[in-house]
Every structure is written in C-alpha cells, then in structure tokens.
Amino acid sequence: MEIAHAISTSSNRRLWKTAALLCMLILPLAAVLYAFLVLKYDPALVNLTERLLPVSLEHPLGTDHLGRDVLTRLLHGFKQTVGYGLIALLAAVVIGVPIGLLAGFKGGLTDRILMRIADAFLSFPDTIVAIVLAGLLGAGIENLLLAIVVVKWVSYARLARSTVLTERRKDYIMMARINGVRTGRIMTKHLFPHIIGHVLVLASLDLGKIILLISSLSYIGLGAQPPAPEWGAMLNEARPYFHSNASLMISPGLMIVFVVLLSNLLGDYLRDTFDVKKEVQS
Amino acid sequence: MSLLEVKNVCKTYDSGAAVLQDINFTIGKKQCVGLVGESGCGKSTLARCLLNIEPIDRGSIVLGGTPLHNKKERSLRPYRRHIQAVLQNPSAALNPKLKIIDSLMDPYLQFGEQTELKHFRYTNKQDFASQLLEAVELPAELADRYPHELSGGQKQRVTIARAISIEPAIIILDEPTSSLDVLSQASVLRLLDGLREQLGLSYLFISHDLAAVHMMSQHMMVMRDGVIVDQFDKEELFAADRHPYTQELISMFE
C-alpha cells in the first residue's frame, strides 16, 4: 500500500511539474503573439508625446520615459536576454564537451594539460572575468558573452570528462576497439550518448544563472547598451522613474525571475527524465 | 599451416607480478583450442594481449604471417578484422545507449568495404542485421531493441553475431558462457560449435569449465599462475601421464 501511495504521489508531483512547465511556456507564447500580431510596435521607437503612459489596451504595460511600448520591449528582451544566454550556453557546451571527451578518453598527459587549463579558468569568478574583459575590450554584449563562455565551458568539460572516465573502462568500449572503431567515432557514437543527458540537465540549470549574469551586468552598464531592450538595461533605464512609475522596473524584474525559475524547473524536469537510477534498474 | 602463433609471450604488471610466463601455442585453421584454468590465472590477460588491448613485454604474436604484438593502434586496425572476440559479460559488452542494430553494425561499418563476405550479403543495414541475427537464431525484430530489453542469453548471441559479422579468421571466446544460466550455456555452446563448422572459424575457447572446453575443443591447454602447464589433444585428457594439476581439475569434475 505504502509503496503504491508513494508512487502515486510522486507521479502526481511529476504531473503538476509538467503542467506548470506547460503553462509557463504557453503564457509567454501568447504574449509574444499578441505583441507581434496585434501591437506591432518598434521596440526602439521614441515617441515623446506618449511618454510614461499608464496601462491601456494599446499599451498593455504602459510606456517608458521615451514613450516606447514596454510590453514590446519586454518581449524583444526575450530575444536579447534569453537568446544571448542560449548562444553563450551553446558555445560553452560546444567548446567544453569535446575537450572533456578528449581529456577523459586520452588520459595521461593530454588529460593533465587540459584539466590544468580548465582549473585556471575555473579560478576566476565569472563576474570578475566579465568586468575585466569589459575593461580591456570595452563594454558590450559580445564581450560579456565571451566572458561567460570563458568561464562556463569548464563545467561542461569536467562533466564530459567524469562521464567518460566511468565509461571508458567498460567492456563495450574495449569491444569497439576490437571491432576497429576509430577513436573519434568511439567518442561520438559510444560515449556521446552517455554525456548528452547530463549536459542537458546542467545546461538548463545554467541558463538561469547566465541570464541573471547578463541582466545584472547589463544593469551596471557592462553588458547590453541602451537602447537595446535587454531586461537588465531596461531596469537601469527605469531607475530614475522608480517612484512615479514603479511598473517600469517591476516588469523586467518579473521577466527575469520568470525565466530563471523556468530554467530551474526545466532542469529539474530533465534531471528526473534522464534519471540515472532508472538506468541502473534496467 | 598454423593461423595464430604465440611464442614466448611474457607479461609483467607494473607492480612486478608476472601474469604471463613464456606462453607458447599455435592455433590452426578451423581449429578450436581450449584454455582451462582457475579465475585469476591469467587467461583473460592472455586474451587481451592476443586482442592487442594490452601490450606484451616479450615474445611474439603472429596472425596469418603478420606479427601483431605491440603495434601502434593505427597500423593495427586493418588486422583487427581477422581477430574478433566474445567476452564473458554480454551486458557490459553492448553499449546500453545503443540499439542492438547499431552495436551489431560496428565491425562492418569499419571493415565492410575491404571485405568480401562469403556467407552474408550486405544490401542494407536492416537486412544485414537480420541475416546476422538469424545466424545466431534470434528473431530479426530484436534489431531495434535496446540491450536491457534482452535476456542474458540473447545478448550473448548478439555479441556472437557481431563477432562473426565480418567473418574473421579467429574469435577469442573469453568465458562466453559463464554468466549464463545452464540451459543458455548449452545452447550457446552448440551455436558456437555450429558456426565454426559453417563459417570455417578458429576459436580460442577460454573457460574455467573443463567439461565445456573438452566438448568444444580439438586441442586443450591448462594454465596455472600465468604458465601453461599442460597441452594435449582432446582425446588425451584422461591419459595417465597428464600433469598433476590437470588431474586435479579432472577430479574436481567427477
């Protein structure tokens, strides 16, 4: 009985999680459709006659100090913040995973050199790297992304390496060698499928952190530059109007919270889906 | 003319312990040579050395006139097609993330183009996999399953199918039945014996099971602590002048 109960509650919880995830995906989709099909504003269009307007049907979230439609800017911000976050993440994965694969599979000197390099990168906090790069190369979203990639690839390299280390001693890798499979193909065909699940989980959890980083550094002026509709930059621009028009700061703030939460939920969901325990049972 | 010639092979671990000492034997074409010994005596190490997974310290391993020992992986690869293996634990020998068909196709994808197959014909992946599965008496629809959906005996048949897929000259069978239940053991042994006849294969059959080795092989070797202490033809197993250790093994089976 107890076991049956435990199973049903855990599957209930899973159902709720899935439902919450779906809602969170549908909600912004609906907003995007409304903004792009019905409103059709230019996110950078300055209209000083319409500045700081309150909420209305034409401007569902009002307008900012330059008369730009806030909802439109928020949704374009999706493309900016989430889009840049995804680009940085993808670059980190594309750089990190092959390095980790190589280090784990080759072992020996290759492994030691690659992992010491990784350690060196890991020893810098990401915010510091971003600030230093902004100082050296100038503030801007490209340099911010570069800073994120420089810091983040290490965790993917480590993840790939640790998975390879546990797998490479197994018989099926030895059989692949006996069967004449080339090293590169052993990595892509035999080892990569073992890594991809873990990478997806880590990446979806990382996405939230990266978005926070992009927003916070844009907020202090080191990332996206105005008039880019990036959420952190919008927060910064809205600061002087906080007392009269608090919604100008609250709405991009909520967007950040929403997306970071979504990324964490997605990460949890994927972790459950790629559950390691399940594989052991089977 | 012998197919595989092993001469004076010695191997010592880094710790200084000798695992293989002066191993000598030959395997002829279409012959099955059995190797008996207790676990830990060096049988599997010998198998890995023959398969060039581990290097040897001294001696030579010659396959069909070509020395194979301690070659670089790159120059070795073309010869891997002639020497294949079936290992003890089929669950470990199949990648759990790959479908059966993808594991099965590994050798052919590497060597298929240089190989004239006599018994199998490649038209497409699906058809080739069906022929291989049929050869090991498995239904063709298993091709699209994952390893965990198969029984131990079925998995071992899959690894056998993979080993024969490029019609190698010799297959190293390292305890191929010891992780299976008694019924599967008998049927897998029968299958292996039949395939040897049908495809003209040679085997090195490694096992701790004296009876199985006696049933499968024409020639037998007994190994103890890294040394081959006794070599004889199958019929001479019960001869009076057998090595004391061999007689000890026989008495354990009676």
Side-chain angles (χ1 to χ4, degrees), chain A residues 97-98 100-102 104-111 159-202 270-282, chain B residues 44 47-48 50-54 73-74 76-99 102-115 145-150 155 158-160 162-166 168 170-172 174-175 179:
Chain A
V97 169
L101 266 171
L102 199 69
F105 196 74
K106 289 271 176 191
L109 193 64
T110 321
D111 182 32
L159 183 69
R161 176 176 174 270
S162 68
T163 313
V164 171
L165 285 184
T166 56
E167 294 297 322
R168 71 163 197 181
R169 300 228 163 266
K170 292 188 179 167
D171 280 357
Y172 70 85
I173 297 294
M174 178 171 138
M175 279 310 304
R177 282 179 64 193
I178 293 169
N179 291 334
V181 185
R182 286 188 177 83
T183 308
R185 224 175 131 60
I186 290 183
M187 289 195 229
T188 51
K189 180 176 177 180
H190 287 274
L191 290 172
F192 189 67
H194 291 263
I195 296 168
I196 186 68
H198 299 284
V199 165
L200 276 178
V201 174
L202 182 66
L270 287 175
R271 193 188 49 209
D272 293 347
T273 313
F274 291 107
D275 199 352
V276 189
K277 273 178 264 162
K278 243 192 242 160
E279 278 168 34
V280 176
Q281 279 167 5
S282 64
Chain B
S44 292
R48 281 200 296 277
L50 295 180
L51 291 161
N52 266 282
I53 295 295
E54 284 184 29
E73 187 68 33
R74 194 183 298 269
L76 185 71
R77 273 192 68 253
Y79 301 102
R80 291 214 180 272
R81 99 154 204 77
H82 302 293
I83 181 161
Q84 284 295 310
V86 174
L87 307 179
Q88 175 170 5
N89 183 353
S91 306
L94 293 170
N95 189 338
K97 298 270 184 185
L98 294 185
K99 284 182 179 171
D102 292 318
S103 289
L104 264 183
M105 291 307 296
D106 260 348
Y108 189 84
L109 287 178
Q110 311 310 316
F111 300 118
E113 280 168 19
Q114 307 102 278
T115 310
R145 304 261 181 90
Y146 284 93
H148 66 86
E149 298 172 83
L150 273 61
K155 275 186 266 199
V158 170
T159 68
I160 293 169
R162 176 168 65 182
I164 62 172
S165 66
I166 40 170
I170 182 165
I171 302 180
I172 310 290
D174 186 6
E175 303 262 12
S179 68

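All values below were derived from every heavy atom in this structure, side-chain atoms included, with hydrogens, water molecules and symmetry-related copies excluded. Proteins get letters first, then strands, A, B, ... in listed order; numbering begins at 1 in each.
Only one option out of B:Gln84, B:Met105, B:Gln110 pairs with A:Asn179 in a side chain to side chain contact (heavy atoms under 4.5 Å, CB included); it is B:Gln84.
For a residue to count as touching a neighbouring chain, one of its non-hydrogen atoms must lie under 4.5 Å from one of that chain's; by this rule B:Arg81 does not touch chain A. Residue contact with chain A, scored on non-hydrogen atoms closer than 4.5 Å, is absent for B:Arg74. Only the backbone of B:Asn52 comes within contact range of chain A, with heavy atoms under 4.5 Å apart. Only the side chain of B:Glu73 comes within contact range of chain A, judged by heavy atoms closer than 4.5 Å. Contact of B:Leu94 with chain A is made through the backbone alone, with heavy-atom distances under 4.5 Å. With a 4.5 angstrom heavy-atom cutoff, B:Leu109 touches chain A only via side-chain atoms. Looking at A:Arg185, only its side chain comes within 4.5 Å of chain B, counting heavy atoms on both sides.
With contacts defined as side-chain heavy-atom distances shorter than 4.5 Å, the pair B:Leu87/A:Met174 qualifies. At least one side-chain heavy atom of A:Met175 sits less than 4.5 Å from a side-chain heavy atom of A:Ile178. Looking at A:Lys189 and B:Asn95, their side chains never come closer than 4.5 Å, going by heavy atoms from C-beta outward.
Crowding of A:Lys106 atom NZ: a count of heavy atoms from other residues, nucleotides or ligands under 6.0 Å not exceeding 12.
Using a 4.0 Å cut-off between charged nitrogen and carboxylate oxygen, B:Arg48 and B:Asp174 do not count as a salt-bridge pair.
Interface check for chain B: of the options A:Ile173, A:Thr183, A:Asp171, the most heavy-atom pairs under 4.5 Å are formed by A:Asp171.
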